[in-house]
Amino acid sequence: MKQEVEHLFTHLESSGCQFNRNGSWYSATEATAHIRKKYEYLLSRNQLKTTESFIEKAATKSSISGKPYEVKCEGQSVVLNSVWFSKELNDYRKIKNH
């Protein structure tokens with residue numbers, strides 16, 4: 001799980017995309033820092049067992065408002081973070097397994 005999550009953080013940080021959290025848009029660097037804090041908090045409480053649980057619990061929605069996070073990359077439509085992260089995880093696993 002750790003290697004996959006670190007890959008997702010690297011992908012996020014270098015994406016150049018923008019992330020919507022509670023109605024405000026943030027840079028990929030700011031989004032990475034925020035989601036990493038949530039990841040470390042959940043990890044310290046032994047609440048993450050899989051990369052999918054990381055996506056679901058740390059990278060999908062606001063813990064406070066419950067609003068879903070969104071991502072907007074240049075030239076593409078806005079999508080939910082859960083979709084964006086899951087697609088990258090699937091792509092990573094395909095490359096890693098070949």
Side-chain angles (χ1 to χ4, degrees):
M1 173 185 81
K2 183 174 176 151
Q3 183 180 12
E4 289 179 338
V5 171
E6 287 304 322
H7 168 77
L8 292 176
F9 279 128
T10 300
H11 182 69
L12 170 60
E13 181 111 31
S14 65
S15 70
C17 300
Q18 294 184 320
F19 290 81
N20 188 326
R21 177 170 57 100
N22 293 322
S24 297
W25 289 96
Y26 297 89
S27 71
T29 301
E30 292 168 316
T32 302
H34 176 74
I35 295 170
R36 187 176 287 281
K37 271 196 245 180
K38 289 178 69 176
Y39 167 66
E40 290 171 0
Y41 173 84
L42 292 165
L43 206 56
S44 73
R45 282 155 181 73
N46 205 28
Q47 294 183 16
L48 301 177
K49 303 290 184 211
T50 65
T51 307
E52 288 81 2
S53 66
F54 156 73
I55 293 170
E56 178 190 334
K57 295 179 180 183
T60 296
K61 65 183 178 183
S62 170
S63 306
I64 295 170
S65 72
K67 290 182 181 177
Y69 296 153
E70 298 174 315
V71 60
K72 177 173 58 176
C73 300
E74 192 172 330
Q76 298 178 17
S77 300
V78 173
V79 296
L80 295 174
N81 264 27
S82 57
V83 172
W84 193 84
F85 274 107
S86 295
K87 179 189 179 311
E88 180 56 30
L89 177 59
N90 288 335
D91 291 350
Y92 176 74
R93 285 177 173 168
K94 284 178 191 171
I95 292 167
K96 190 177 169 204
N97 291 329
H98 278 20

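When reading the values below, keep in mind they use all heavy atoms of this one structure, side chains included, and skip hydrogens, waters and symmetry mates.
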Problem set entry | Stepwise side chain to side chain contact (heavy atoms under 4.5 Å, CB included) check, E88 with E4 | CA-CA 10 Å; E88 180 56 30; E4 289 179 338; over 6 Å; no
Problem set entry | Derivation of the side chain to side chain contact (heavy atoms under 4.5 Å, CB included) call for T51 and H7 | CA-CA 11 Å; T51 307; H7 168 77; over 6 Å; no
Exercise. Run the side chain to side chain donor-acceptor pair (under 3.5 Å) check on Q18 and S27 step by step: do they pass?
Worked result: CA-CA 5 Å; Q18 294 184 320; S27 71; over 6 Å; no
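Separation of atoms CG (L12) and CZ (F9) is listed at 7.5 Å; rounding is to 0.5 Å. In this structure, E52 CD and M1 CE are separated by 10.5 Å, a value rounded to the nearest 0.5 Å. Interatomic distance, SG of C17 versus CH2 of W84, reported as 5.0 Å (0.5 Å rounding). Between the OG1 atom in T50 and the CG atom in L89 there is a gap of 9.0 Å [rounded to 0.5 Å]. Going from atom OG of S63 over to atom NZ of K57 covers 11.5 Å, rounded to the nearest 0.5 Å.
Considering only heavy atoms from C-beta on, L42 stays 4.5 Å or farther from F54 through its side chain. Residues L8 and Y39 are not in side-chain contact: their nearest non-hydrogen atoms beyond the backbone lie 4.5 Å or more apart. Using a 4.5 Å heavy-atom threshold, the side chains of N22 and I64 count as separate. With contacts defined as side-chain heavy-atom distances shorter than 4.5 Å, the pair N20/K72 does not qualify. Within the 4.5 Å cutoff, no side-chain heavy atoms of F19 are placed close to those of T32. Under the 4.5 Å side-chain criterion, counting only non-hydrogen atoms from C-beta, R21 is not in contact with E30. V79 is not listed as a side-chain neighbour of E70, based on a closest heavy-atom distance of 4.5 Å or more. Y26 has its side chain out of reach of Y69: every pair of non-hydrogen atoms, C-beta onward, lies at least 4.5 Å apart.
A donor-acceptor pair under 3.5 Å is formed between the side chain of S44 and the backbone N or O of Y41.
Residues A58 and I35 come closest through the heavy atom pair O-CG2, 3.9 Å. The two atoms that bring A28 and E13 nearest to each other are CB-O, 3.9 Å, heavy atoms only.
In this structure, V71 is not a member of the same hydrophobic cluster as L80, with clusters built from ILVMFWY side-chain heavy atoms closer than 4.5 Å.
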